[in-house]
Protein chains: 2
Amino acid sequence: MVRKKTTLMMLKESERETRKKLIIESSIFLFAKKSFDTVSMRDIAMVAGISPASIYRYFEDKDELFVEAFSYKAEEICGNLEKMFDENKNMTLADIAVNFVDYLFEHDSFFQMMTHFMTSGTIKDISLERFNETERYLLDLFDKYFKKMGVTQNLRLLSHAFFAALNGVMITFSRYPGRDKEEIRRHINRLAALLADVFSCVV
Amino acid sequence: MVRKKTTLMMLKESERETRKKLIIESSIFLFAKKSFDTVSMRDIAMVAGISPASIYRYFEDKDELFVEAFSYKAEEICGNLEKMFDENKNMTLADIAVNFVDYLFEHDSFFQMMTHFMTSGTIKDISLERFNETERYLLDLFDKYFKKMGVTQNLRLLSHAFFAALNGVMITFSRYPGRDKEEIRRHINRLAALLADVFSCVV
DNA sequence: TGTACATCAGTGAACGCGCGTTCACTGATGTAC
DNA sequence: TGTACATCAGTGAACGCGCGTTCACTGATGTAC
């Protein structure tokens with residue numbers, strides 16, 4: 001009896017999780033193309049195929065949904081990046097850089113959401129803390145690489161600079177008008193490789 | 001007679017220009033702190049001390065006002081940067097980098113507006129063209145410097161990378177939470193200097 | 001097994017608001033004779 | 001110089017809309033006896 005009850009409850013719980021994921025994934029789909037302010041709850045509901053009111057059964061408000069969506073995507077992205085870096089033990093810095101920007105370029109929802117955190121100026125401190133966790137995670141990845149290369153001085157500062165530089169390439173050129181996607185990808189990759197070359201001088 | 005008429009017309013014209021500047025400067029004041037979507041025409045009117053309807057005597061719509069405001073600020077910023085670079089003939093790359101980010105940091109309306117162009121995704125092509133002009137102008141400044149330093153290969157690519165890297169530093173760290181303005185400035189300057197050091201290797 | 005009641009996810013419709021923008025008007029200034 | 005008319009910058013109030021969010025309800029499912 002108790003067993004059955006638990007099973008049912010677990011079923012319900014997993015159904016609930018599935019619905020929640022559906023909403024999150026719908027919002028990520030939209031946040032990839034448009035900014036936080038230009039994506040509406042009605043848009044998200046429509047993509048998810050539910051009513052706007054339903055979203056509020058799962059999330060407090062739009063802000064919370066955004067943060068949850070970011071965290072969800074961040075976990076996936078960070079995990080994959082770490083795996084990518086770990087699996088190829090003898091990657092050059094250029095490999096790292098190009099893989100990093102290329103992966104972000106391909107999964108542009110994550111990057112778009114990240115820039116919202118960095119530029120909005122109207123985000124609650126608690127949400128920013130969640131974002132910073134992710135940022136620190138990515139910086140740690142770079143730290144790990146530079147350490148392996150024997151860097152001892154200014155390790156974190158170097159990671160900051162490298163991370164920021166790659167971000168800058170993404171932001172400055174990933175929406176360059178009048179070029180098609182493949183041209184942009186090539187340009188971004190070339191710039192990432194160049195940055196890595198330049199950084200290799202001091203490593 | 002004709003002379004007097006012309007004078008009066010010129011007076012009127014200059015009054016009109018003054019009002020227009022007032023509106024532009026009010027909008028710049030607001031766009032410095034908040035994003036395009038979160039600044040309203042009523043906000044701008046209030047700062048300018050006029051009625052919202054008046055803005056439409058000077059600008060077609062909010063988009064046009066934004067582009068005009070950006071161009072206005074861009075002219076000032078670019079002019080000053082060029083002068084700064086030209087007046088100090090023997091600046092190191094680190095001087096250039098630090099002055100660049102520090103100046104942008106101090107005039108953050110320009111940078112905030114620039115990132116809107118780079119990240120929004122909902123801007124008309126004609127407006128983007130205006131923005132690109134400014135971007136090219138800044139890239140030309142870096143080109144000039146690298147050329148002077150004897151770079152011949154991949155000149156434009158190097159400028160792209162350097163410009164993007166400095167942008168990245170600004171975007172990634174200029175709104176870092178929990179640090180005061182001076183701490184942020186110091187961090188940004190240090191990163192800019194580090195990037196310059198790194199780039200100096202290949203120059 | 002059948003019946004009466006409880007729960008709760010889902011939702012259509014509405015609320016209240018602030019937005020970009022327009023309209024119809026005012027009143028100061030300029031022009032003509 | 002005085003008067004009648006034209007111009008036009010400026011604006012308060014309104015329009016229509018879409019937003020985030022809430023409410024009151026439905027109807028499917030679970031529970032108790």
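Because the structure is a prediction, the values reported are computed rather than measured. Just so it is clear, the values below take in all heavy atoms, side chains as well, and ignore hydrogens, waters and symmetry mates.
Using a 4.0 Å cut-off between charged side-chain N and carboxylate O, B:Arg156 and B:Asp140 make a salt bridge. Under a 4.0 Å N-O distance rule, the pair A:Lys181/A:Glu106 qualifies as a salt bridge. Under 4.0 Å is where a charged nitrogen must lie from a carboxylate oxygen, and between B:Arg185 and B:Glu182 at least one such pair does. Salt-bridge formation is not detected for the pair A:Arg136/A:Glu133: no Lys NZ or Arg NE/NH1/NH2 atom is positioned less than 4.0 Å from an Asp or Glu carboxylate oxygen.
No side-chain N or O of A:Ser200 forms a donor-acceptor pair with one of A:Asp197 less than 3.5 Å apart. A side-chain N or O of B:Glu25 and one of B:Tyr72 form a donor-acceptor pair less than 3.5 Å apart.
Counting heavy atoms of neighbouring residues, nucleotides and ligands inside a 6.0 Å radius, atom CE of B:Met46 does not exceed 12 of them. No more than 12 heavy atoms of other residues, nucleotides or ligands sit less than 6.0 Å from atom CD of B:Glu75.
When the P atom of D:dA9 is taken as reference, atom CZ of B:Arg16 falls 6 Å away, rounded to whole Å. At whole-Å resolution of the value, NZ in B:Lys20 and C1' in D:dA9 are 15 Å apart.
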Would you give a per-nucleotide map of nucleotides 14-19 of chain C, 5' to 3', where B means the base has a protein non-hydrogen atom under 4.0 Å away, S means only the sugar-phosphate does, and - means neither?
B----B
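For the segment residues 44-60 of chain A, the set of residues with a heavy atom within less than 4.0 Å of an atom of DNA chain C comprises A:Ile50, A:Ser51, A:Ala53, A:Ser54, A:Arg57, A:Tyr58, in numerical order.
In this structure, A:Phe36 has its ring center no closer than 6.0 Å to that of A:Phe117.
Residue A:Gln112 forms a side chain to side chain donor-acceptor pair (under 3.5 Å) with just one option from A:Arg175, A:His107, A:Lys34, and that option is A:Arg175.
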With both pairing distances under 3.5 angstrom for Watson-Crick or G-U wobble, and | for a partner in another strand, the correct string for DNA chain C is .||||||||||||||||||||||||||||||||
